[in-house]
Amino acid sequence: MPFCLHNYRFFVKLNSNRPLLCPISHARFTSLTVQSRATISSEPAMASNSVRVAAAQMTSINDLAANFATCSRLVKEAVAEGAKLVCFPESFSFIAEKDGESVNIAEPLDGPIMQQYCSLARESGIWLSLGGFQERGSDDAHLRNTHVIIDDCGSIRSSYSKIHLFDVDVPGGRVYKESSFTEPGKDIVSVDSPVGRLGLSVCYDLRFPELYQQLRFQHKAQILLVPSAFTKITGQAHWEILLRARAIETQCYVIAAAQAGKHNDKRESYGDTLIIDPWGTVVGRLPDRISTGIAVADIDFSLIDSVRSKIPIAKVTLSCSILGYETD
């Protein structure tokens, strides 16, 4: 299926508010918050072999309309920055306050909730990564935690149901049992987009590197999407380390949109939305770990090629069968 390009154009913008802090010369990133916008760049306009992406950070609650309003505002900010894809965190549309709420509001992908986001993508002319939607399961007691990709025509291009469910006793925190109301997915999913080939995952998947190895070496992913709602405790200990490791070991960009702050009296998310390049460098980050806003960065395809050619891990065949993938 061809890409819908009715609103597709290259975006050129100069910013020189502050000196570039990132040592990698290709990096340019912008962060937006509710109160203010902070730009860190002295780079010229993005090169023709790069394309801009945005990663959202928000604090979802158990109010579908309020969350949609926040997402709509962040989409407008991403479009204004010239992004071709904006990524939202896990549970972007709803976070339950009481047991059973998520299952009760779960809908099929052709239901009115997701169709509202399809209309938002079409009207805004931008691709959306919607990570962790409450898709109706096979029975009334279960849902699927589904990552949905929508193109700029408002069509669902692909979806991935979270494979690794969060059944964890968080040290010093609460006990989580996602499997009690969620059906695990079975399929590994990637999809082509105007910003490169996307490898889909959701939150707790991040702790299972074999998934990302398969996305890189079997599915040819260039960008790994990790929409998340990490707990505050596990996020403080592991969030950035795990994301940078996935980027380095796969030589992919990683876009990790995050839930942030207190959703209700029982639940709090770590935040810290990140965009990381294939060298493991953070190239996009909000200045405030728990604010609502977007981080923006340019996907540099020449950097992907350079890193992969200089450290050609795809050609190494040693012990590949143990990891469950085949190299080129």
Side-chain angles (χ1 to χ4, degrees), residues 21-22 27 29 31-33 40 53-60 74 86-92 95 129-132 145 147 160 162-176 178 198-213 215-216 221 223-263 266-297:
L21 300 183
C22 179
F29 60 95
S31 297
L32 302 177
T33 68
I40 305 176
V53 297
Q57 184 167 286
M58 62 189 295
T59 309
S60 295
L74 295 178
V86 58
C87 302
F88 285 93
E90 183 181 27
S91 303
F92 63 97
I95 283 186
S129 161
L130 303 173
N145 192 340
H147 185 167
Y160 159 80
K162 184 179 181 182
I163 292 174
H164 304 99
L165 302 183
F166 192 56
D167 291 357
V168 174
D169 183 354
V170 175
R174 56 180 283 197
V175 176
Y176 294 84
E178 188 177 16
L198 309 174
L200 277 56
S201 66
V202 178
C203 199
Y204 191 52
D205 285 331
L206 180 60
R207 294 185 181 273
F208 300 86
E210 296 87 353
L211 170 62
Y212 300 94
Q213 295 287 327
L215 285 169
R216 160 72 203 276
I223 303 169
L224 304 174
L225 305 182
V226 193
S228 299
F230 255 55
T231 71
K232 184 177 180 180
I233 293 172
T234 58
Q236 287 174 334
H238 303 144
W239 172 247
E240 182 175 339
I241 297 169
L242 288 170
L243 291 169
R244 294 181 70 185
R246 296 298 89 85
I248 293 166
E249 68 197 11
T250 63
Q251 300 174 324
C252 291
Y253 277 89
V254 170
I255 303 176
Q259 290 284 349
K262 295 198 69 172
H263 309 281
K266 298 179 181 179
R267 185 165 177 181
E268 182 175 5
S269 295
Y270 178 66
D272 200 17
T273 287
L274 296 174
I275 304 174
I276 302 168
D277 74 14
W279 192 246
T281 302
V282 175
V283 294
R285 180 179 233 154
L286 273 77
D288 183 341
R289 179 176 59 80
I290 60 172
S291 66
T292 295
I294 60 171
V296 178

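Sequential numbering from 1 along the given sequence is applied to the chain's residues.
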Please report the closest heavy-atom contact between [X] and [Y], naming both atoms and the distance.
{"X": "G293", "Y": "L74", "answer": "CA-CD2, 3.8 Å"}
{"X": "C252", "Y": "L224", "answer": "CB-CG, 3.9 Å"}
{"X": "A56", "Y": "P89", "answer": "O-CD, 3.9 Å"}
{"X": "L225", "Y": "S129", "answer": "CD1-OG, 3.6 Å"}
{"X": "I248", "Y": "G280", "answer": "CG1-CA, 3.6 Å"}
{"X": "G284", "Y": "A295", "answer": "C-CB, 4.0 Å"}

Query raised in the report: Within a strict 4.5 Å, meaning less than it, do heavy atoms of the R207 and T234 side chains meet?
Result: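 Yes, at least one pair of side-chain atoms sits under 4.5 Å.
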Query raised in the report: Any side-chain heavy atom of Y253 sitting closer than 4.5 Å to one from V53?
Result: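 No, their side chains stay 4.5 Å or more apart.
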Reported [atom1]-to-[atom2] distance for the pair [X] and [Y], which is rounded to 0.5 angstrom:
{"X": "I294", "Y": "I275", "atom1": "CD1", "atom2": "CD1", "value": "9.0 Å"}
{"X": "E268", "Y": "R174", "atom1": "CD", "atom2": "CZ", "value": "12.0 Å"}
{"X": "D205", "Y": "F166", "atom1": "CG", "atom2": "CZ", "value": "12.0 Å"}
{"X": "Q57", "Y": "R289", "atom1": "CD", "atom2": "CZ", "value": "8.5 Å"}
{"X": "I95", "Y": "M58", "atom1": "CD1", "atom2": "CE", "value": "8.0 Å"}
{"X": "L215", "Y": "L200", "atom1": "CG", "atom2": "CG", "value": "8.0 Å"}

Report task. Would you please name every residue forming a salt bridge (Lys or Arg N to Asp or Glu O under 4.0 Å) with D272, sequence neighbours left out? Result ->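 Scan of D272 (salt bridge (Lys or Arg N to Asp or Glu O under 4.0 Å), adjacent residues dropped) gives R285.
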Query raised in the report: Any side-chain donor paired with an acceptor under 3.5 Å for Q259 and S269?
Result: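 Absent: no donor and acceptor within the cut-off.
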Set of residues satisfying ring pair (Phe, Tyr, Trp, His ring centres under 6.0 Å) with respect to [X], sequence neighbours excluded:
{"X": "F92", "answer": "Y117"}
{"X": "H263", "answer": "none"}
{"X": "Y160", "answer": "none"}
{"X": "F208", "answer": "H164, Y204"}

Query - A247: partners by side chain to side chain contact (heavy atoms under 4.5 Å, CB included), with sequence neighbours left out - result: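 Once residues adjacent in sequence are excluded, the partners of A247 under the side chain to side chain contact (heavy atoms under 4.5 Å, CB included) criterion are V254, I276.
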Query raised in the report: Would you find a donor on one side and an acceptor on the other, under 3.5 Å apart, between the side chain of T273 and the backbone of A55?
Result: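 No; judged by distance alone, with no hydrogens or angles, the pair does not exist.
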Query raised in the report: Is E90 reaching over with its side chain to a backbone N or O of A229, donor-acceptor style, under 3.5 angstrom?
Result: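 Side chain of E90 to backbone of A229, a donor-acceptor pair under 3.5 Å: yes, one is there.
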Report task. Please step through side-chain contact (heavy atoms from CB on, under 4.5 Å) for the pair E240 and V282, ending with a clear verdict. Result -> CA-CA 9 Å; E240 182 175 339; V282 175; 3.9 Å; yes
Report task. Taking atom CD1 of I290 as the centre, report whether more than 12 heavy atoms of other residues, nucleotides or ligands fall under 6.0 Å from it. Result ->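 Incorrect, the count does not exceed 12.
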